[in-house]
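Sequence lines set the chain letters: A, B, ... in the order given, protein chains first and strands last, and positions in each chain run from 1.
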Amino acid sequence: MVSPVQVSPLIKLGSYSTLLLSMAYGARCYNYSKPWAEEERRIIAEEKKKRDEQKSAEARGDSILK
Amino acid sequence: MAQFVNSWRRPLVLVKAAVTYSKPRLATFWYYAKVKLVPPTPAEIPIAIQSLKNIINSAKTGNFKQLTVKEALLNGSTS
């Protein structure tokens with residue numbers, strides 16, 4: 001096997017700092033958009049519940065055109 | 001009971017085959033990773049800062065024009 005070439009410390013420092021900084025950036029983006037995502041999910045669940053109620057009402061023959 | 005034991009026989013055979021296959025490849029990976037993927041130790045930080053100063057100096061004095069393209073690529077990628 002070819003013997004591995006040593007990597008320069010500057011390149012190592014740069015690449016690992018980029019890794020850590022991008023992890024921190026990703027965490028910040030996730031935290032920033034978490035409340036809005038939960039709000040979206042809540043709204044979708046509510047609308048789904050309303051639609052399900054409407055469907056079950058129709059199935060029971062409960063319409064306004066009595 | 002025997003059926004239960006026998007139902008795990010095939011997955012175990014597959015797992016064993018996977019381990020046997022991956023062992024030499026993991027050894028190669030580990031051999032190179034120990035040199036290439038290791039993070040910088042605190043002792044290497046001054047060397048890194050010195051290399052950065054060298055680069056900035058060569059940009060200021062115009063020394064970088066003396067480098068061959070091959071050397072420049074090597075400097076940029078590993079050393």
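Taking the side chain as every heavy atom from C-beta outward, B:I49 and A:L13 never approach each other to under 4.5 Å. In this structure, B:Q50 and A:L10 have side chains that are not in contact, with every pair of non-hydrogen atoms separated by 4.5 Å or more.
With chain A as partner, the option from B:V38, B:I55, B:I47 having the largest number of non-hydrogen pairs under 4.5 angstrom is B:V38.
Residue A:R28 places its CZ atom among 12 or fewer non-hydrogen atoms of other residues, nucleotides or ligands, all under 6.0 Å distant. Residue A:Y16 qualifies as enclosed at atom OH: its count of foreign heavy atoms under 6.0 Å is above 12.
Among all heavy-atom pairs drawn from A:I11 and B:S77, the shortest one is CD1-O, 3.7 Å. Contact detail for B:Y31 and A:P4: the closest heavy-atom pair is OH-CD, 3.6 Å.
Residue B:K36 holds its NZ atom at 11.5 Å from OG of A:S15, rounded to the nearest 0.5 Å. With values rounded to the nearest 0.5 angstrom, B:I45 atom CD1 is found 11.5 Å from A:K12 atom NZ.
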**Study point:** Pair B:Y32-A:V2, side-chain contact (heavy atoms from CB on, under 4.5 Å): steps then yes or no
**Key:** CA-CA 10 Å; B:Y32 286 113; A:V2 184; 4.1 Å; yes

